[in-house]
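Residue indices begin at 1 and follow the sequence shown.
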Amino acid sequence: MTCPIVAIGASAGGLEALSELLGALPPKSGMAYVIVQHLDPAHPSLLSELLGKKTAMPVKQIQDGMAIKAGHVYVIAPNTTLTINGERLHLAPRPGDRPHHPVDVLFGSLAEARGDMAIGVVLSGADSDGSLGVQAIKHRGGITFAQDPQSARFSNMPRSAIETDCVDYVLRPGQIANELVRLGTSPYLRGAPVSPSALPQPGTE
């Protein structure tokens, strides 16, 4: 069965936000979490090891073609761009001839792959990456979150996402986790028939 996929984007200050979010998630939420963090392209990343200390879920650095499984956390590898195709994760070399916006790329591919079942989360960061991605997800009917800028060490990324008017929920990372757990129980995200009154009701806090 296809599991819901939550795409999470972060940059500067993202480790703190990611740690809070993952620490508030249960190990068996029934969802998969795919993380893009802006990384130094020239050095190995310790992000998967650091986040692995914050959650009981397995945390893996992505390899090209890796299958997506519920209850797992997947972290982008350095110097790559990440996309989702079907039930697999795909890596490509980081483009050297244009600005690098890996969160927008991931969110756009998730919107294409999952349509109205796509979920995107924008956390702390110092640029505007993710703002185009949340628009892509909302235009396909998906669900979007942004970290409350007041709780972010660097507020540019979540603030830019919010300014698109395509963000459903503005919450602290721990509160985002609680809302994801609630959404994860929805039959809508499981592909089961559901009446309109049973759908999750977005609301900006």
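There is no path of hydrophobic side-chain contacts, each under 4.5 Å, that joins L82 to L132. Residues Y33 and V59 are members of one and the same hydrophobic cluster, defined by side-chain heavy-atom contacts under 4.5 angstrom among Ile, Leu, Val, Met, Phe, Trp and Tyr. Clustering ILVMFWY residues whenever any of their side-chain heavy atoms sit less than 4.5 angstrom apart, transitively, puts I68 in the very cluster that holds I76. Note on I176: it clusters hydrophobically with L51, by side-chain heavy-atom contacts below 4.5 Å among ILVMFWY residues. Taking hydrophobic clusters as Ile, Leu, Val, Met, Phe, Trp and Tyr residues chained together by side-chain heavy-atom distances below 4.5 Å, M31 shares a cluster with V181.
Counting non-hydrogen atoms of other residues, nucleotides and ligands closer than 6.0 Å to CD of Q63 gives a total of 12 or fewer.
Considering all non-hydrogen atoms of both residues, M57 and H72 come closest at SD-N, 4.4 Å. Minimum interatomic distance between V34 and I5 (heavy atoms only, all atoms of both residues): CG2-CG2, 3.8 Å. Nearest heavy-atom pair across Q37 and L15 is OE1-N, 4.2 Å. Contact between G142 and D168 at its shortest, heavy atoms only, is O-OD2, 3.8 Å. The minimum heavy-atom distance between A67 and Y74, with the atom names listed, is O-OH, 3.4 Å. Taking all atoms of both residues into account, the shortest heavy-atom contact from S155 to A152 is CA-CB, 4.2 Å.
Using a 4.5 Å heavy-atom threshold, the side chains of H90 and D64 count as touching. A 4.5 Å side-chain heavy-atom check between L47 and Q61 finds every atom pair outside the cut-off. F107 has its side chain within reach of V122: a pair of non-hydrogen atoms, C-beta onward, lies under 4.5 Å apart. In this structure, H100 and T81 have side chains that are in contact, with non-hydrogen atoms separated by less than 4.5 Å. At least one side-chain heavy atom of P102 sits less than 4.5 Å from a side-chain heavy atom of H38. Counting only heavy atoms from C-beta outward, the side chains of E163 and S131 never approach each other to under 4.5 Å. Residues V6 and L183 have side chains not in contact (no heavy-atom distance under 4.5 Å, counting atoms from C-beta outward). You'll find the side chain of I35 reaches within 4.5 Å of the side chain of L22, heavy atoms only.
Using modelled atom types, one side-chain atom of Q147 and one backbone atom of S124 make a donor-acceptor pair closer than 3.5 Å.
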Task: Check against side chain to side chain contact (heavy atoms under 4.5 Å, CB included), V73 and K60 - done: CA-CA 6 Å; V73 179; K60 300 182 178 181; over 6 Å; no
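Once rounded to the nearest 0.5 Å, the distance linking CZ of R153 with CG of L123 reads 13.5 Å. Separating the OG1 atom in T144 from the CD1 atom in I137 is a distance of 7.0 Å, to the nearest 0.5 Å. Going from atom CG of L171 over to atom CD of E179 covers 6.5 Å, rounded to the nearest 0.5 Å.
Under the salt bridge (charged side-chain N to carboxylate O under 4.0 Å, His left out) criterion, E112 pairs with R140, not counting sequence neighbours.
The aromatic rings of F145 and Y169 sit parallel, their planes meeting at an angle under 30°, below the 60° perpendicular limit.
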